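Working notes for the structure below.
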Amino acid sequence: MIDPKLLRQSAADVAANLARRGYVFDADKYLALEEQRKAIQVETQQLQSERNASSKRIGQAKAQGEDIAPLLAAVEDIGARLSKSESTLQELQAAIAAVEFDLPNLLDDSVPEGRDEDSNVEVRSWGDPATGAFSARDHIDLGERLGMIDFEAASRISGSRFTVMKGSLARLHRALIQFMLDTHTLEHGYEETYVPYLVHAHALVGTGQLPKFEEDLFKTTGETPFYLIPTAEVPITNLVRDSLLEADQLPLKFTAHTPCFRSEAGSYGQDTRGMIRQHQFEKVELVHFVAADESAAALEALTGHAEIVLQKLELPYRVVALCAGDVGFGATKTYDIEVWLPGQQKYREISSCSNYNDFQARRMKARRRNPDTGKPELIHTLNGSGVAAGRALIAVMENYQNEDGSIRVPAVLQPYMGGLELIV
RNA sequence: GGAGAGAUGGCUGAGUGGUCGAAAGCGCUCCCCUGCUAAGGGAGUAAGGGCUAAUACCCCUUCGAGGGUUCGAAUCCCUCUCUCUCCGCCA
């Protein structure tokens with residue numbers, strides 16, 4: 001959520017910033033609502049003040065055994081006026097909140113202009129996309145030849161966008177997860193966490209998936225539904241909701257491996273083959289909680305931590321700065337890491353690292369005490385994949401394939417594979 | 001699933017209809033005393049919002065959330081969420 005004070009005081013500036021995303025913020029309409037809210041709120045508070053004063057008087061009179069009947073008569077009509085005023089105020093506040101919850105985050109000044117991914121800017125690249133002696137197979141071909149990926153079985157069980165893996169490939173997938181978790185906890189200073197995969201709506205409101213993107217989520221039935229997490233970002237980031245942290249408790253860095261569940265509504269026809277885009281996939285997530293003036297540097301560090309994973313796996317990748325139209329709803333700035341997939345002859349997203357500034361913190365009421373002023377202030381939150389395990393598996397398969405369809409095990413994964421060097 | 005208890009400020013924890021935004025303790029800040037690897041004394045210390053040039057006043061709201069009763073609710077009633085205890089079931 002954007003600071004409501006900023007919205008009021010600089011609505012036009014906010015609208016201009018959001019216009020870079022292609023989002024239309026009707027500042028005039030918002031300010032008109034705000035003006036009404038202000039008038040009603042002043043009136044409401046005036047009435048509350050009157051009521052409080054008379055109630056106090058009644059209490060005192062009663063304590064002294066005086067007759068309170070005339071005092072009661074005097075406040076008779078306040079109740080009705082107040083409740084009418086209060087309900088009007090509530091409606092206005094709800095209308096304003098609806099606008100505010102729909103607003104994406106302000107973009108960082110450094111975000112490149114552009115409407116879609118074609119305008120994303122490559123920041124750096126690492127490794128050389130192999131131009132091998134033979135034409136590379138894609139992971140589907142490789143997996144099925146090995147008899148270790150079974151999309152048919154998956155669809156018999158759960159329909160499309162699910163995968164069954166077997167044998168060494170299933171183990172390689174698990175090895176990737178262990179390797180990533182170990183790298184981040186042992187070398188990058190993250191604390192490992194185990195978190196719920198089913199969460200309540202308020203957690204998703206905190207991170208920004210709700211109320212706007214409900215159709216992307218799986219939801220349980222029942223009066224109080226649970227939602228399946230679309231990313232570990234949701235439970236990890238909500239670790240600090242409703243809290244006031246002391247200055248010396250920051251920065252905090254957490255990681256977790258979780259499955260992620262996405263309905264992929266609206267992505268019909270995209271990546272329908274293979275395991276690029278699934279309803280269920282595994283991911284190792286990285287989350288930072290930092291003081292406001294540290295988030296820009298934290299984004300660079302976090303992105304670097306995800307890159308190290310690919311470097312250790314010796315997978316070619318590039319880092320792109322997402323353009324204005326491509327930055328996600330709650331982020332102020334995002335780097336995507338795209339790994340080279342020989343089977344597609346393309347770079348494909350394998351990690352997305354974002355700075356949310358105080359956008360999520362405001363929704364979650366996550367604060368720290370400023371050591372200089374002694375006052376609470378919102379913290380900044382960041383998250384990124386470090387990295388998506390399913391796609392990392394695809395990348396390893398396609399980049400480490402031999403002409404005969406066998407797959408070499410990356411050196412850093414061999415200890416997690418019982419020393420296995422080749423999958424045949 | 002059954003029975004019961006509970007949710008209060010940064011933390012612990014009192015408080016069952018009116019000078020309670022809330023005792024006490026801890027923590028923190030400042031001052032004093034003491035000169036020593038410690039301690040003692042005093043004062044202050046919730047958050048969010050409105051108004052405002054203001055981090056000054058003043059006002060409003062908030063004691064898990066949402067409703068209700070009342071002139072007045074942390075205190076009474078209802079619903080929900082969460083936590084704990086016992087029983088049952090269970091990976």
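Bear in mind the structure is a predicted one, so any value in this text is a computation, not a measurement. Letters A, B, ... mirror the listed sequences (proteins, then strands); counts begin at 1.
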Please state the [atom1] separation for the pair [N] and [M] - nearest whole angstrom.
{"N": "B:A7", "M": "B:A65", "atom1": "P", "result": "13 Å"}
{"N": "B:C63", "M": "B:G68", "atom1": "P", "result": "15 Å"}
{"N": "B:C28", "M": "B:G21", "atom1": "P", "result": "29 Å"}
{"N": "B:G9", "M": "B:A47", "atom1": "C1'", "result": "8 Å"}
{"N": "B:A14", "M": "B:U29", "atom1": "C1'", "result": "25 Å"}
{"N": "B:C20", "M": "B:G13", "atom1": "P", "result": "24 Å"}
{"N": "B:U45", "M": "B:G10", "atom1": "P", "result": "15 Å"}
{"N": "B:U81", "M": "B:G27", "atom1": "C1'", "result": "30 Å"}

Check your understanding: Salt bridge check: are A:Arg348 and A:Glu338 linked by an N-O gap of less than 4.0 Å?
Key -> no
Review point. Looking at A:Lys283 and A:Glu285, does any basic side-chain N land under 4.0 Å from a carboxylate oxygen?
Key: yes
Could you check whether [X] gets within reach of a base, just the sugar-phosphate, or nothing at all, counting any heavy atom under 4.0 Å?
{"X": "A:Leu72", "answer": "base"}
{"X": "A:Arg362", "answer": "nothing"}
{"X": "A:Glu50", "answer": "nothing"}
{"X": "A:Arg57", "answer": "nothing"}

Would you say a side-chain N or O of [X] is under 4.0 Å from OP1 or OP2 of [N]?
{"X": "A:Lys38", "N": "B:C51", "result": "yes"}
{"X": "A:Asn52", "N": "B:G72", "result": "no"}
{"X": "A:Gln93", "N": "B:U61", "result": "no"}
{"X": "A:Ser49", "N": "B:C60", "result": "yes"}

Exercise for review: With the side chain counted from C-beta on, respond yes when A:Arg363 and A:Arg241 share a heavy-atom pair under 4.5 Å apart, and no when they do not.
Suggested key: no
For [X] and [N], what is the distance between atoms [atom1] and [atom2] respectively, to the nearest whole Å?
{"X": "A:Ile78", "N": "B:C60", "atom1": "CD1", "atom2": "P", "answer": "12 Å"}
{"X": "A:Arg369", "N": "B:G27", "atom1": "CZ", "atom2": "P", "answer": "16 Å"}
{"X": "A:Asp242", "N": "B:G10", "atom1": "CG", "atom2": "P", "answer": "11 Å"}
{"X": "A:Glu86", "N": "B:G49", "atom1": "CD", "atom2": "P", "answer": "19 Å"}
{"X": "A:Leu245", "N": "B:C11", "atom1": "CG", "atom2": "C1'", "answer": "13 Å"}
{"X": "A:Asp77", "N": "B:C71", "atom1": "CG", "atom2": "C1'", "answer": "12 Å"}
{"X": "A:Lys375", "N": "B:A47", "atom1": "NZ", "atom2": "C1'", "answer": "10 Å"}
{"X": "A:Gln60", "N": "B:U19", "atom1": "CD", "atom2": "P", "answer": "10 Å"}

In the structure shown, which nucleotide is the Watson-Crick or G-U wobble counterpart of [N], with both distances under 3.5 Å?
{"N": "B:G66", "value": "B:C78"}
{"N": "B:A24", "value": "B:U12"}
{"N": "B:G18", "value": "B:C71"}
{"N": "B:U29", "value": "B:A43"}
{"N": "B:A5", "value": "B:U83"}
{"N": "B:G48", "value": "B:C60"}
{"N": "B:A91", "value": "none"}

Looking at the side chain of [X], which of [options] is the nearest nucleotide?
{"X": "A:Ile58", "options": "B:G18, B:G50, B:G48", "answer": "B:G18"}
{"X": "A:Ser55", "options": "B:G72, B:G48, B:G10", "answer": "B:G72"}
{"X": "A:Gln90", "options": "B:G18, B:G67, B:G49", "answer": "B:G67"}
{"X": "A:Arg37", "options": "B:G18, B:G50, B:G67", "answer": "B:G50"}

Write out a two-atom table: protein N or O, nucleotide N or O from nucleotides 76-82 of chain B, distance below 3.5 Å.
residue : atom : partner  : partner atom : Å
B:U81   : OP1  : A:Thr224 : OG1          : 2.8

Does any N or O in the side chain of [X] come within less than 3.5 Å of the main-chain N or O of [Y], such that one atom is a donor and the other an acceptor?
{"X": "A:Ser295", "Y": "A:Asn357", "value": "no"}
{"X": "A:Glu398", "Y": "A:His139", "value": "yes"}
{"X": "A:Gln414", "Y": "A:Val409", "value": "yes"}

Review point. Under 30°, 30 to 60°, or over 60°: which ring-plane class applies to A:His200 and A:Phe226, parallel, tilted or perpendicular?
Key: parallel
Practice item. Report the relative orientation of the aromatic rings in A:His188 and A:His184; use parallel for angles under 30°, tilted for 30 to 60°, perpendicular for over 60°. Key: tilted
Exercise for review: Name the residue closer to the 5' end of RNA chain B, choosing between A:Arg51 and A:Ser54 according to the nucleotide with the nearest heavy atom.
Suggested key: A:Arg51
Study note, to complete from the structure: By nearest-nucleotide position on RNA chain B, the 5'-leaning member of A:Gln9 and A:Val42 is A:Val42
Review point. Which is it for A:His288 and A:Tyr190 under the side-chain contact (heavy atoms from CB on, under 4.5 Å) test, yes or no, and what are the steps along the way?
Key: CA-CA 9 Å; A:His288 287 211; A:Tyr190 288 77; 2.7 Å; yes
Check your understanding: Out of A:Arg367, A:Arg368, A:Arg369, which residue meets the salt bridge (charged side-chain N to carboxylate O under 4.0 Å, His left out) rule with A:Glu377?
Key -> A:Arg368
